[in-house]
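Step one of this worksheet: look at the structure below.
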Amino acid sequence: MLKLNDLTLHYGHSKILNGISMEAASGEVTCVMGTNGVGKTSLIKAISGAHPRSGGDVELDGEALGVLPAHKLAHKGIAYVPQGREIFPLLTVRENLETGFACLPKDQHFVPDEIFDLFPILKEFLHRRGGDLSGGQQQQLAIARALITKPRLLLLDEPTEGIQPNIIQQIGEVIKLLRDRGDMAIVLVEQYFEFAYDLADRFVVMRRGEVVMAGTKGDLSKDDVFRGVSV
């Protein structure tokens with residue numbers, strides 16, 4: 001589904017990503033791991049178009065994607081749930097969800113029942129402002145808003161950050177359900193090791209803007225991955 005070849009990214013004169021190559025397949029969770037500051041969020045931003053990459057190739061379903069802005073990549077089927085959630089605090093839950101309609105033809109401008117099956121609390125809070133929700137509820141809203149766009153690739157950046165344990169468990173179950181549907185690739189950036197290891201089918205471990213370890217759960221032992229992210 002997703003293939004990166006020699007992707008690079010700069011902030012000004014600083015090179016943040018140095019030749020990242022990786023793949024993420026439909027029906028799998030690919031977990032990008034590493035300590036703070038290794039470039040994980042920068043990688044997700046480069047894939048989503050939130051920050052233009054400096055070089056390298058990105059393919060989605062065999063289609064080469066140029067250096068496109070985020071809204072055009074969203075139309076291509078890339079959905080991005082950023083670190084910090086970035087929901088619209090003054091819009092209601094319904095209005096936040098409806099912002100995803102921009103990627104869809106007019107006859108699909110409705111919130112599918114599946115969204116409320118995955119996140120029942122959102123149906124209860126449809127008319128509540130996003131800024132009045134708890135952190136965990138905002139995270140659920142941010143993921144639901146991304147799913148409205150019917151993505152082929154879902155990018156999740158630290159979805160457990162600052163979230164209470166019961167909501168972390170719910171989000172994990174939703175990620176499993178989405179993976180098992182088999183119609184999207186999921187790339188998960190996550191610091192919470194046990195959560196990430198439980199969900200991941202494939203690992204990409206980064207250090208100083210480079211991939212230092214990659215493989216499937218069958219290829220890499222839990223100890224291997226833990227050592228890789230602990231250095």
Side-chain angles (χ1 to χ4, degrees), residues 1-11 15-34 38-83 100 103-104 143 146-147 149-159 175-191 196-220 224-225 228-229:
M1 175 70 78
L2 174 73
K3 185 175 182 179
L4 309 183
N5 183 43
D6 204 26
L7 187 146
T8 59
L9 181 144
H10 290 76
Y11 289 135
K15 193 173 191 179
I16 306 300
L17 299 178
N18 184 21
I20 301 291
S21 296
M22 60 171 278
E23 295 184 4
S26 293
E28 289 187 358
V29 175
T30 299
C31 191
V32 179
M33 303 180 76
V38 299
K40 303 185 301 295
T41 291
S42 295
L43 174 61
I44 295 295
K45 286 183 174 180
I47 297 170
S48 71
H51 187 92
R53 67 185 188 274
S54 308
D57 301 314
V58 178
E59 290 184 9
L60 186 65
D61 267 349
E63 178 189 359
L65 303 179
V67 182
L68 300 174
H71 70 278
K72 290 192 175 180
L73 289 174
H75 280 276
K76 295 280 189 183
I78 298 177
Y80 170 42
V81 181
Q83 188 177 20
C103 296
L104 301 174
I143 296 171
L147 294 177
T149 67
K150 298 179 168 40
R152 294 183 289 162
L153 171 65
L154 178 63
L155 307 171
L156 300 168
D157 192 359
E158 301 279 8
I175 293 172
K176 288 177 183 176
L177 284 169
L178 296 174
R179 174 191 62 198
D180 292 346
R181 274 188 354 197
D183 61 354
M184 73 174 72
I186 300 171
V187 176
L188 170 68
V189 167
E190 185 52 63
Q191 294 263 43
Y197 190 83
D198 178 56
L199 288 173
D201 300 288
R202 186 178 301 273
F203 298 97
V204 175
V205 179
M206 293 181 62
R207 196 176 302 152
R208 297 179 182 174
E210 298 181 342
V211 174
V212 295
M213 181 186 299
T216 67
K217 187 176 279 186
D219 296 331
L220 302 171
D224 287 338
V225 178
V229 302

task = Measure up the His51 and Tyr11 rings against each other and bin them: parallel (under 30°), tilted (30 to 60°), perpendicular (over 60°).
result = perpendicular

query = Under 6.0 Å from the NZ atom of Lys3, do we count more than 12 heavy atoms belonging to anything else shown?
reply = no

inquiry  = Check this for me: Lys76, atom NZ, are more than 12 non-hydrogen atoms of other residues, nucleotides or ligands nearer than 6.0 Å?
reply    = no

note = Ala146 and Leu154 have their tightest heavy-atom pair at CB-CD1, 3.9 Å

inquiry  = How close do Met184 and Pro151 get, counting heavy atoms only, and between which atoms?
reply    = CB-O, 3.8 Å

message = Would you say that Glu158 contacts Val189 through its side chain, given a criterion of any heavy-atom pair below 4.5 Å between the two side chains?
response = yes

inquiry  = Measuring from atom CG of Leu188 to atom CD1 of Ile44, what distance do you get when rounded to the nearest 0.5 angstrom?
reply    = 8.5 Å

key: Heavy-atom closest pair, residues Ala185 and Met1   = CB-CG, 3.7 Å

Salt bridge (charged side-chain N to carboxylate O under 4.0 Å, His left out) pairs, two or more places apart, involving residues 39-61 = Asp61-Arg152

task = For the residue pair Leu73 and Ile47, establish whether any side-chain heavy-atom pair is separated by less than 4.5 Å.
result = no

request  = Can you measure from CG (Asp219) to CE (Met213) and round to the nearest 0.5 angstrom?
outcome  = 11.5 Å

inquiry  = Check this for me: Arg181, atom CZ, are more than 12 non-hydrogen atoms of other residues, nucleotides or ligands nearer than 6.0 Å?
reply    = yes

request  = Decide yes or no for Leu199 and Cys31: does some side-chain heavy atom of the first lie under 4.5 Å from some side-chain heavy atom of the second?
outcome  = no

inquiry  = Are the side chains of Leu4 and Leu43 in contact, using a 4.5 Å heavy-atom criterion?
reply    = yes

Which donor-acceptor pairs under 3.5 Å do the side chains of residues 20-30 make with protein atoms, sequence neighbours left out?
unit_1, atom_1, unit_2, atom_2, d
Ser21, OG, Asp6, N, 2.9
Glu28, OE1, Arg202, NE, 3.3

message = Can you confirm whether Lys176 sits close enough to Asp198 that some side-chain heavy atom of one is under 4.5 Å from a side-chain heavy atom of the other?
response = yes

query = How long is the gap from CG on Leu178 to CD1 on Ile143, to the nearest 0.5 Å?
reply = 8.5 Å

query = Rounded to the nearest 0.5 Å, how far does CG of Leu17 lie from NE2 of His10?
reply = 9.5 Å

Nearest heavy-atom neighbours spanning Ala46 and Leu9 = CB-CD1, 3.6 Å

Contact check, side chains of Met206 and Met33, non-hydrogen atoms, under 4.5 Å = no

remark   = With sequence neighbours left out, the residues meeting side-chain hydrogen bond (donor to acceptor under 3.5 Å, both in side chains) with Asp224 are Ser221, Arg227

key: Atom pair CG (Leu220) and OH (Tyr197), whose distance is rounded to the nearest 0.5 Å   = 8.0 Å

request  = Dump the intermediate steps for side chain to side chain contact (heavy atoms under 4.5 Å, CB included) on Val58 and Leu2, then the final yes or no.
outcome  = CA-CA 7 Å; Val58 178; Leu2 174 73; 3.9 Å; yes

request  = Locate the shortest heavy-atom distance separating Leu155 from Ser48; write the atom from each residue and the value.
outcome  = CD1-CB, 3.7 Å

inquiry  = I need the minimum non-hydrogen distance between Ile186 and Ile175, along with the two atoms involved.
reply    = CD1-O, 3.9 Å

